[in-house]
Asker: 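One structure, pasted below without further comment.
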Amino acid sequence: MGWDIGVDLGTRGVRMTTGGSFEALSQAAALAVREGQSEPVCAGDAAMALYGRASAGVEVCFPLADGTLRNSEHARQMFAWLYALSEERRRGRHARVLIACAPFARPVQQDALLRAALDAGATEAALLRSDAACALGAGLDLLAPEAALVVDVGAGKVTATLFTRGLVAAFAYLPYGVLRIDERLERMLRTEKGFRIGPRTAEDVKQAMASAGEVVPVEMTVAGVSLERRLPELIQVEPEMVARACEGVVGEIAGMVASVVDNAPEELAADLNDSGCVLTGGGALLPGLDKRLGDHLGIPCRVAAAPLSCAAAGLARVMQTPDAYDLLLMEKMARAARH
């Protein structure tokens, strides 16, 4: 069965590929919603620009939280917006949609995600394991007998999966991602310095100063609100605080990946001495994460060439040769018919 549109809907970003093309539309997975209105004010990067700044009854929402569906109506609105941007809709066609889905999503969440895609206008929809999509997009051969280990470090989830012959040999996940670093930075500044910052500012600090290795020896001035004076102020964020915010998350990622290697069959684990581990997702860009994991696991570890777009590239590969990857489709493919 062929697929017209591939959608990688993440916690903070969404990518869409059409016709099996490796060129993917990339936008923020954000919706600006006004109370009482059935359709969003705007979506994508335009909605993300309002995040932390929305007012007059407008709220910026994200369909997914921690890698899984949080609001099915918001998911429907996101799919409808994506379809409107696709060539299929411009041709007046209703598309068959292949969606990357967190492998730990519960059946009810899978079903709701499929129904949202159908309610938005698709004629058929199916779910592909997001870790498989990332591995394929990173260039790994999942159908080979040799082991392939992929660690997908996203904003809302982290998964580590060992594949062989198109099957999952070992798997583990964390139900949160590198957004946890942002949250810890916000909490530390609030409790230790009496200073409140917004989520966009916390993300800016993470991108500028966060590291999985050595502490970045630079301070950063940020704007926020003093809890004592209730007034806007500037404050210096020290590298030591950012390092503490990162360490817990990085340590838990390393431990989780190690558990996958430890639970793998001996021969497959031995393959990793040559094939190593590949990092995908936006969190893979955290400086030093590949070295930290490589040192912890004792195997080669590298970041994929384009970690942010690996899932979309993997969807494109499946769309080009769908029959080869039937085993990687999740069980809800049978629910793809419109109700």
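Predicted model, so just to flag it, every value in this text is computed and none were measured.
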Asker: Are Phe171 and Pro103 side-chain neighbours, meaning at least one heavy-atom pair lies under 4.5 Å?
Answerer: yes
Asker: Mind checking the CD-CD1 spacing from Glu233 to Ile197? Nearest 0.5 Å is all I need.
Answerer: 14.0 Å
Asker: Considering the options Thr11, Asp66, Thr68, Asp152, which one meets the side chain to side chain donor-acceptor pair (under 3.5 Å) requirement together with Lys157?
Answerer: Asp152
Asker: Please determine whether a side-chain nitrogen of the Lys or Arg among Arg115 and Asp111 lies less than 4.0 Å from a carboxylate oxygen of the Asp or Glu.
Answerer: yes
Asker: Give a yes or no on whether the backbone of Arg106 and the side-chain of Gln109 come within a donor-acceptor separation of less than 3.5 Å.
Answerer: yes
Asker: Side chains of Glu203 and Ile181: does their closest heavy-atom pair fall under 4.5 Å?
Answerer: no
Asker: Please tell me whether Val215 and Met188 are part of a single hydrophobic cluster in this structure, the criterion being side-chain heavy atoms less than 4.5 Å apart.
Answerer: no
Asker: Answer yes when Glu183 and Arg187 have at least one side-chain N-carboxylate O distance shorter than 4.0 Å, and no when they do not.
Answerer: no
Asker: Please tell me whether Leu136 and Leu329 are part of a single hydrophobic cluster in this structure, the criterion being side-chain heavy atoms less than 4.5 Å apart.
Answerer: yes
Asker: Where do Leu140 and Leu149 come nearest, in terms of heavy atoms and distance?
Answerer: CD1-O, 4.3 Å
Asker: Under a 3.5 Å distance rule, please check whether Arg230 uses its side chain to pair with a backbone N or O of Leu227 as donor and acceptor.
Answerer: yes
Asker: Judged by atom type as modelled, is there a donor-acceptor pair below 3.5 Å linking the side chain of Thr280 to the main-chain atoms of Cys310?
Answerer: no
Asker: Taking the side chain from Thr321 and the backbone from Ala324, do they hold a donor-acceptor pair closer than 3.5 Å?
Answerer: no
Asker: For residues Leu98 and Leu143: do they belong to one hydrophobic cluster (side chain heavy atoms under 4.5 Å, members Ile, Leu, Val, Met, Phe, Trp, Tyr)?
Answerer: yes
Asker: Which value, rounded to the nearest 0.5 Å, describes the distance between Met78 atom CE and Leu64 atom CG?
Answerer: 9.5 Å
Asker: Taking all heavy atoms of Ile99 and all of Ala117, pick out the closest pair and write down the distance.
Answerer: CD1-CB, 3.7 Å
Asker: Answer yes or no on whether Arg129 is positioned over the face of Phe163, meaning its NZ or CZ is under 6.0 Å from the six-membered ring centre and within 45° of the axis.
Answerer: no
Asker: Donor-acceptor check, side chain of Ser211 to backbone of Glu214, threshold 3.5 angstrom: yes or no?
Answerer: yes
Asker: Would you check, one step at a time, whether the test side chain to side chain contact (heavy atoms under 4.5 Å, CB included) holds for Leu279 with Cys277?
Answerer: CA-CA 7 Å; Leu279 300 182; Cys277 169; 4.2 Å; yes
Asker: Would you mind reporting whether Lys291 and Cys301 have side-chain heavy atoms less than 4.5 Å apart?
Answerer: no
Asker: On a heavy-atom basis, which atom in Ala112 and which in Leu69 lie closest, and how many Å separate them?
Answerer: CB-CD2, 3.4 Å
Asker: Carefully, step by step, assess Leu113 and Leu127 under the rule side chain to side chain contact (heavy atoms under 4.5 Å, CB included).
Answerer: CA-CA 9 Å; Leu113 187 60; Leu127 304 178; 4.0 Å; yes
Asker: Between Val257 and Val178, is there a shared hydrophobic cluster once you connect ILVMFWY residues whose side-chain heavy atoms come closer than 4.5 Å?
Answerer: yes
Asker: Can a donor-acceptor pair be found between the side chains of Thr159 and Asp131 at a distance below 3.5 Å?
Answerer: no
Asker: Can you give me the closest heavy-atom contact between Ala29 and Leu9, atom names plus distance?
Answerer: CB-CD1, 3.9 Å
Asker: Using 0.5 Å steps for rounding, measure from the CG atom of Asn71 to the CD atom of Gln77.
Answerer: 7.5 Å
Asker: Quick test of your reading of the model: are Arg302 and Asp290 salt-bridged, counting only N-O distances below 4.0 Å?
Answerer: no
Asker: Please find the pair of heavy atoms, one from Leu142 and one from Ala135, that lie closest to each other, and give the distance.
Answerer: CD2-CB, 3.6 Å
Asker: Show your reasoning for whether side chain to side chain contact (heavy atoms under 4.5 Å, CB included) applies to Thr123 and Arg96.
Answerer: CA-CA 6 Å; Thr123 55; Arg96 298 182 178 93; 4.0 Å; yes
Asker: What donor-acceptor contacts under 3.5 angstrom involve side-chain atoms of residues 32-53, with partners at least two apart or in another chain?
Answerer:
unit_1 : atom_1 : unit_2 : atom_2 : d
Arg34  : NH1    : Ala56  : O      : 3.0
Glu39  : OE2    : Arg76  : NH2    : 3.2
Asp45  : OD1    : Ala28  : N      : 2.9

Asker: Taking the side chain as everything from C-beta on, heavy atoms only, tell me whether Glu238 gets closer than 4.5 Å to Lys193.
Answerer: yes
Asker: Rounded at 0.5 Å granularity, tell me how far CG in Leu315 sits from CH2 in Trp3.
Answerer: 11.0 Å
Asker: Just how far is it from atom CG of Leu327 to atom CG of Leu167, taken to the nearest 0.5 Å?
Answerer: 5.5 Å
Asker: State whether Phe62 and Arg12 meet the cation-pi test: NZ (Lys) or CZ (Arg) under 6.0 Å from the six-membered ring centroid, and within 45° of the perpendicular axis.
Answerer: yes
Asker: Contact between Pro217 and Pro239 at the side-chain level, heavy atoms closer than 4.5 Å - yes or no?
Answerer: no
Asker: Please examine the side chains of Gln110 and Cys101, heavy atoms only from C-beta on, and report whether any two atoms are closer than 4.5 Å.
Answerer: yes
Asker: Does Asp271 offer a backbone N or O that forms a donor-acceptor pair with the side chain of Ser275 under 3.5 Å?
Answerer: yes
Asker: Working to the nearest 0.5 Å, report the span between CG of Asp8 and CG of Leu128.
Answerer: 10.0 Å
Asker: Would you call Arg184 and Glu247 a salt bridge, using N to O less than 4.0 angstrom?
Answerer: no
Asker: Please report the closest heavy-atom contact between Val158 and Met256, naming both atoms and the distance.
Answerer: CG1-CE, 3.5 Å
Asker: With a 4.5 Å limit on heavy-atom distance, are the side chains of Glu219 and Val237 in contact?
Answerer: no
Asker: Can you tell me if CD on Gln236 sees more than 12 non-hydrogen neighbours from other groups inside 6.0 Å?
Answerer: yes
Asker: If hydrophobic clusters are built by linking Ile, Leu, Val, Met, Phe, Trp and Tyr wherever their side-chain heavy atoms come under 4.5 Å apart, do Phe104 and Leu179 end up in the same one?
Answerer: no
Asker: I'd like to check Asp4 versus Thr18 (side-chain heavy atoms, cut-off strictly below 4.5 Å). Are they in contact?
Answerer: no
Asker: With a 4.0 Å cut-off, would you call Glu186 and Arg190 a salt bridge?
Answerer: no
Asker: Should Val153 and Ile253 be marked as a side chain to side chain contact (heavy atoms under 4.5 Å, CB included) after you check the CA-CA gap, both sets of side-chain angles, and the distance that decides it?
Answerer: CA-CA 9 Å; Val153 187; Ile253 292 174; 4.2 Å; yes
Asker: Going by side-chain contact (heavy atoms from CB on, under 4.5 Å), Leu82 matches just one of Leu25, Val97, Ile5. Which one?
Answerer: Leu25
